[in-house]
Amino acid sequence: MPEHTAEETLGSPTHEVREFLRRRREQIAQRWADEPLFRSVFTVSRDEAVEAGKAVVDALAEVADTGRVDDPDAAGFSGVREQLARMGVARGRAGLTAAQVSSELATLRQPVENLLLSDIGEAPAEHVRACATTLTVLMGTLRVVVMQTALSEGEALIDRQRLQLMEVATPVIKLWDGIVAVPLIGTLDSARSQVVMETLLQSIVEQQARFAILDITGVPTVDTLVAQHLMKTVAAARLMGAECIVSGIRPAIAQTIVHLGLDLGTVITRAGLADALKYALHQLGADIVGPTANGAGQR
């Protein structure tokens with residue numbers, strides 16, 4: 001009869017680790033539920049932490065089944081990425097650094113390794129070492145997946161917050177029936193210019209505005225891309241049935257526009273917001289009347 005090696009009899013390390021994870025799923029999840037990473041994130045009940053642990057164990061077993069224990073992009077991780085992101089981001093919000101979160105993830109390996117050794121401790125030493133190494137690599141890949149996913153989620157959160165801040169920093173004010181204004185303050189870049197356009201156009205529709213004033217008094221400088229965005233905003237407002245007035249063009253910005261060769265001949269410009277409002281009111285058939293000698297305005 002042909003002789004079988006110990007590895008052929010016992011199965012490959014990835015096969016052994018897969019079967020171990022499936023066999024010890026409940027015990028692993030129970031031990032993980034008491035670890036800081038799970039205990040601090042799943043605070044409603046311990047059962048919630050256990051169920052989360054089971055889902056992660058199932059994912060690890062699926063990855064081991066494919067043999068791609070060192071691949072963070074292995075399909076087995078896809079089902080738990082959202083949960084892993086939640087865990088990583090939650091610890092980050094609690095004030096932990098990326099290194100501290102990584103350390104908490106590292107503590108998950110020891111309880112699993114202890115169970116593995118108790119299961120296969122009687123096997124040949126070489127096989128035990130191979131299985132332990134496979135498990136170590138798999139748990140290390142899990143750490144990479146959690147950190148990558150948490151960082152991606154953190155970046156997405158920062159992007160959402162940045163957009164919200166830009167929207168807050170770009171208020172559209174109703175000055176009069178049919179007249180809205182956007183007083184811009186600070187640096188304009190392409191992203192913020194896009195928000196300005198979208199916010200202004202939405203307000204034109206909501207307020208049924210006939211005039212929209214873009215006041216750039218508080219904008220220190222304008223480059224080519226921003227100037228082009230402003231021109232596109234003016235054109236888009238016209239398509240929506242509103243005339244756009246640009247006010248508050250500073251001398252430095254005027255020189256830049258001339259130097260860039262941009263044609264603002266079709267754009268209505270005024271020195272300041274008050275002048276722009278006066279123009280719009282006049283076009284609507286209303287005029288601003290100054291006070292008389294006794295302090296009362298004319299009627």
Side-chain angles (χ1 to χ4, degrees), residues 4-42 44-91 101-153:
H4 296 280
T5 65
E7 185 170 336
E8 288 175 335
T9 303
L10 295 171
S12 68
T14 53
H15 172 82
E16 191 83 56
V17 169
R18 180 198 67 188
E19 292 304 309
F20 157 73
L21 290 171
R22 291 175 175 172
R23 184 172 62 251
R24 291 286 200 165
R25 175 175 180 261
E26 178 69 32
Q27 291 93 331
I28 294 172
Q30 290 287 347
R31 296 192 181 190
W32 279 354
D34 296 323
E35 294 293 331
L37 182 63
F38 280 82
R39 188 177 66 247
S40 58
V41 173
F42 301 96
V44 175
S45 68
R46 190 176 185 280
D47 290 342
E48 182 187 20
V50 171
E51 290 303 314
K54 290 179 182 178
V56 176
V57 174
D58 289 340
L60 293 174
E62 185 177 343
V63 173
D65 190 42
T66 64
R68 298 167 59 187
V69 295
D70 59 347
D71 184 4
D73 296 321
F77 289 120
S78 59
V80 292
R81 280 191 181 274
E82 183 177 346
Q83 174 182 293
L84 296 175
R86 174 187 171 191
M87 294 164 65
V89 171
R91 298 306 283 150
V101 175
S102 181
S103 296
E104 286 192 347
L105 286 162
T107 63
L108 300 181
R109 180 179 63 85
Q110 195 60 53
V112 187
E113 187 175 278
N114 291 341
L115 285 172
L116 175 67
L117 294 177
S118 70
D119 274 17
I120 65 171
E122 300 300 322
E126 185 177 346
H127 181 72
V128 173
R129 283 196 299 270
C131 291
T133 299
T134 298
L135 179 63
T136 298
V137 173
L138 182 58
M139 294 301 296
T141 305
L142 175 66
R143 290 172 65 185
V144 173
V145 171
V146 174
M147 298 309 298
Q148 286 180 342
T149 308
L151 288 173
S152 297
E153 182 66 22

**Prompt:** Looking only at heavy atoms, what is the nearest atom pair of V144 and P72, with distance?
**Reply:** CG1-CG, 3.8 Å
**Fill in**
Test side chain to side chain contact (heavy atoms under 4.5 Å, CB included), reference F77, set L60, V56, V146, output is L60
**Criterion side chain to side chain contact (heavy atoms under 4.5 Å, CB included) on V112 and W32, from CA distance to verdict** = CA-CA 9 Å; V112 187; W32 279 354; 3.4 Å; yes
**Item:** Atom pair CD/OG of E62 and S78 - distance to nearest 0.5 Å
**Value:** 6.5 Å
**Side-chain heavy-atom pair T141, V69 within 4.5 angstrom cut-off** = no
**Complete:** Rounded to the nearest 0.5 angstrom, the CZ-CZ distance for R24 and R31 is 7.5 Å
**T134 side chain vs T14 backbone, donor-acceptor pair below 3.5 Å** = no
**Asked** How long is the gap from CE on M139 to CG on L108, to the nearest 0.5 Å?
**Response** 5.0 Å
**Prompt:** What are the two closest non-hydrogen atoms of R22 and A61, and how far apart are they?
**Reply:** CG-CB, 4.0 Å
**Prompt:** Can a salt bridge be assigned to the pair D34 and R46 using a cut-off of 4.0 Å between side-chain N and carboxylate O?
**Reply:** yes
**Message:** Walk me through whether L37 and L105 qualify under side chain to side chain contact (heavy atoms under 4.5 Å, CB included).
**Reply:** CA-CA 7 Å; L37 182 63; L105 286 162; 3.3 Å; yes
**Item:** Gap between atom CG of D70 and atom OG1 of T136 - 0.5 Å precision
**Value:** 13.0 Å
**Item:** Heavy-atom pair of closest approach, residues V63 and R68
**Value:** CG1-O, 3.3 Å
**Item:** Rounded distance (nearest 0.5 Å) linking atom CG of L115 with atom CD of Q27
**Value:** 6.5 Å
**Message:** Please find the pair of heavy atoms, one from V57 and one from R25, that lie closest to each other, and give the distance.
**Reply:** CG1-CA, 4.0 Å
**Heavy-atom closest contact (C131 atom, P13 atom, distance)** = SG-CA, 3.9 Å
**Message:** Rounded at 0.5 Å granularity, tell me how far CE in M87 sits from CZ in F42.
**Reply:** 5.0 Å
**Asked** Does the side chain of D58 reach to within under 4.5 Å of the side chain of V80, using non-hydrogen atoms?
**Response** no
**Message:** Please give me the minimum heavy-atom distance between S102 and R143, naming the atom from each residue.
**Reply:** OG-NH2, 2.7 Å
**side chain to side chain donor-acceptor pair (under 3.5 Å) partners of E113, counting only residues at least two apart** = R109
**Message:** I'd like to know if E51 and K54 make a salt bridge, using a cut-off of under 4.0 Å between side-chain N and carboxylate O.
**Reply:** yes
